[in-house]
Student: 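Handing you a structure now.
None of the values given here were measured: they were computed from a predicted structure. Below, chains carry the letters A, B, ... as their sequence lines are ordered, and counting in each starts from 1.
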2 protein chains.
Amino acid sequence: MNSPSPTRQARHELIDAGGRTAASFGVNKLLGQLFVVLYLAPRPLCLDELAEELGVSKASISLATRQLAGWGAIRRVWRKGDRRDFYEAEEDPRQILRNGVLDALQRKLDSAGRQFQEAIRTFEAAAKGRTDGDEAILLDRLRHAEATRAKVSGLLQHPLVRRMI
Amino acid sequence: MNSPSPTRQARHELIDAGGRTAASFGVNKLLGQLFVVLYLAPRPLCLDELAEELGVSKASISLATRQLAGWGAIRRVWRKGDRRDFYEAEEDPRQILRNGVLDALQRKLDSAGRQFQEAIRTFEAAAKGRTDGDEAILLDRLRHAEATRAKVSGLLQHPLVRRMI
DNA sequence: ATGATTGTTTAGAAGATTCTAAATGAAGGG
DNA sequence: CCCTTCATTTAGAATCTTCTAAACAATCAT
């Protein structure tokens, strides 16, 4: 509460934008807001400060911090002689991208790949030899989808991409 | 209903996986299921067939098809002499990536960029000259976040990436 | 026109998610 | 030990999303 009005306003808008962004990706908007608060904070903050700042119960903050910490977006910080847990944001957004977002994406792609290949095997076995009919179309589509998936997966691991991010 | 059991099972699992994937990205799982049904179908399907296939009301299908069509993932198809609307999937997943996913991502990044830059201007104006204190840290973080955002945005437009996808 | 068929809108039911307050747990200081 | 202070869990309230049935609109055939 030490800032004059325009910066407070700007800060408030950034927090709100964090919430909207989170929501637009289908995650709890509180996670986005919480991360922005920590990312902009000059020092680690405790649960009560976070709850106060966002006007939300401590229970919500407790859940939210654990989730964000699980993604590597924030981390717990101990202060000697203080029993409270403090949290600070991972200050390098690229770290979060790598460890949180891209990792999760890669896992999804891998899982989809296994599923595709299993389905392709099943359909190949069912339509042995025959290259016509509905199931041939379906197989074609499946193979096409799998090829694209593999391409995207490869792109994510490409050194150039890895280095740029 | 013409397939023997293992392929039916495989097809069912693909539809389910589509639903789970959609849900994991925070969108209505019906959209994912619906897309898979259409993507694997040997011919365009009408609303009633889709509702029947997924065990869901026609109203839901009506909303879902419109949303998917809006993303360019499926398209409406007319059959002469038939009053029903038929739908088919965009058969090239890369097209969907480009027009649906990457486009939306780019728009989000652009919007975030504008917001960052506006906030940076506000804080610069508030802390003119001074390079110490809490607001200096905050400005530093903001600039770092914006730099990363710009890098990701550039990566999405990089010809190499564009070509590979 | 009238009726039949199809797609859309809408009001509210059903179901998830997210939030809070209160109970519980854990740990340190007196 | 008991008391205080914090974090977590949990049960249920509040809110949001998604779904359906029914009303409506539009279009074609008779």
Student: For residues Gln106(A) and Ser153(A), report the shortest heavy-atom separation together with the two atoms involved.
Tutor: NE2-OG, 2.9 Å
Student: Please pick, from dG7(C), dT20(C), dT8(D), the nucleotide with the shortest atom-to-atom distance to any side-chain atom of Arg76(A).
Tutor: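 Selected nucleotide: dT8(D).
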Student: OP1, OP2 of dT6(C) versus side-chain N and O of Arg79(B): anything below 4.0 Å?
Tutor: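 Answer no for this pair, as no side-chain N or O of Arg79(B) is under 4.0 Å from OP1 or OP2.
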Student: Tell me, do Glu118(B) and Arg114(B) make a side-chain contact under 4.5 Å, heavy atoms counted?
Tutor: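 Glu118(B) does not reach Arg114(B) side chain to side chain.
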Student: Send over the distance from Leu47(B) CG to dT27(D) C1', rounded to a whole Å.
Tutor: 15 Å
Student: Consider the side chain of Val56(B), meaning its heavy atoms from C-beta on, and name the nucleotide among dA4(C), dT8(C), dC19(D) that approaches it most closely.
Tutor: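 Given the options dA4(C), dT8(C), dC19(D), the side chain of Val56(B) is closest to dC19(D).
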Student: Quick one: Leu30(B) CG to dT20(D) C1', roughly how many Å, whole number?
Tutor: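 Going from CG in Leu30(B) over to C1' in dT20(D) covers 13 Å.
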Student: Quick check on DNA chain C: between Arg84(B) and Leu63(B), whose nearest nucleotide comes earlier from the 5' end?
Tutor: Arg84(B)
Student: Expressed as a whole number of angstroms, how long is the span from Ile61(A):CD1 to dT9(D):C1'?
Tutor: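 Result: 16 Å.
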Student: Starting at NZ of Lys58(B) and ending at P of dA26(D), how long is that distance when rounded to a whole Å?
Tutor: 16 Å
Student: Return whichever of Ser60(B) or Phe86(A) has its heavy-atom-nearest nucleotide of DNA chain D closer to the 5' end.
Tutor: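 Result: Phe86(A).
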Student: Would you indicate what Arg83(B) reaches in the nucleic acid, counting non-hydrogen atoms under 4.0 angstrom: base, sugar-phosphate, or nothing?
Tutor: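 Answer is base: heavy atoms of Arg83(B) come under 4.0 Å of a base.
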Student: Taking the side chain as every heavy atom from C-beta outward, state whether Gln115(A) and Arg149(A) have any atom pair closer than 4.5 Å.
Tutor: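 Side chain of Gln115(A) against side chain of Arg149(A), heavy atoms only: no contact under 4.5 Å found.
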Student: Looking at dT4(D), dT20(D), dT8(C), which one has an atom nearest to any side-chain atom of Ser57(B)?
Tutor: dT20(D)
Student: Send over the distance from Tyr87(B) OH to dT6(C) C1', rounded to a whole Å.
Tutor: 11 Å
Student: Side chain of Asp48(A) only, please: which of dA7(D), dC19(D), dC19(C) is the nearest?
Tutor: dA7(D)
Student: Whole-Å distance between dT6(C) P and Leu45(B) CG?
Tutor: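 Result: 15 Å.
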Student: Measure from CG on Asp82(B) to P on dT27(D) and round the result to the nearest Å.
Tutor: 16 Å
Student: For the side chain of Asp85(B), counting heavy atoms from C-beta on, which of dG7(C), dA7(D), dC19(C) is nearest?
Tutor: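 Looking only at heavy atoms from C-beta outward on Asp85(B), the closest nucleotide is dG7(C).
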Student: dT17(C) P sits how many Å from Gln67(A) CD, rounded?
Tutor: 12 Å
Student: Do Phe25(B) and Leu105(A) have side chains that get closer than 4.5 Å, going by heavy atoms?
Tutor: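 Phe25(B) vs Leu105(A): side chains touch.
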Student: State which of dT20(C), dG7(C), dT8(C) makes the closest approach to the side chain of Ala59(A).
Tutor: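 Minimum distance to the Ala59(A) side chain belongs to dT20(C).
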Student: Determine whether Leu68(A) and Leu54(A) fall in the same hydrophobic cluster, where Ile, Leu, Val, Met, Phe, Trp and Tyr are linked whenever their side-chain heavy atoms lie under 4.5 Å apart.
Tutor: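 The answer is yes; both residues are in one hydrophobic cluster.
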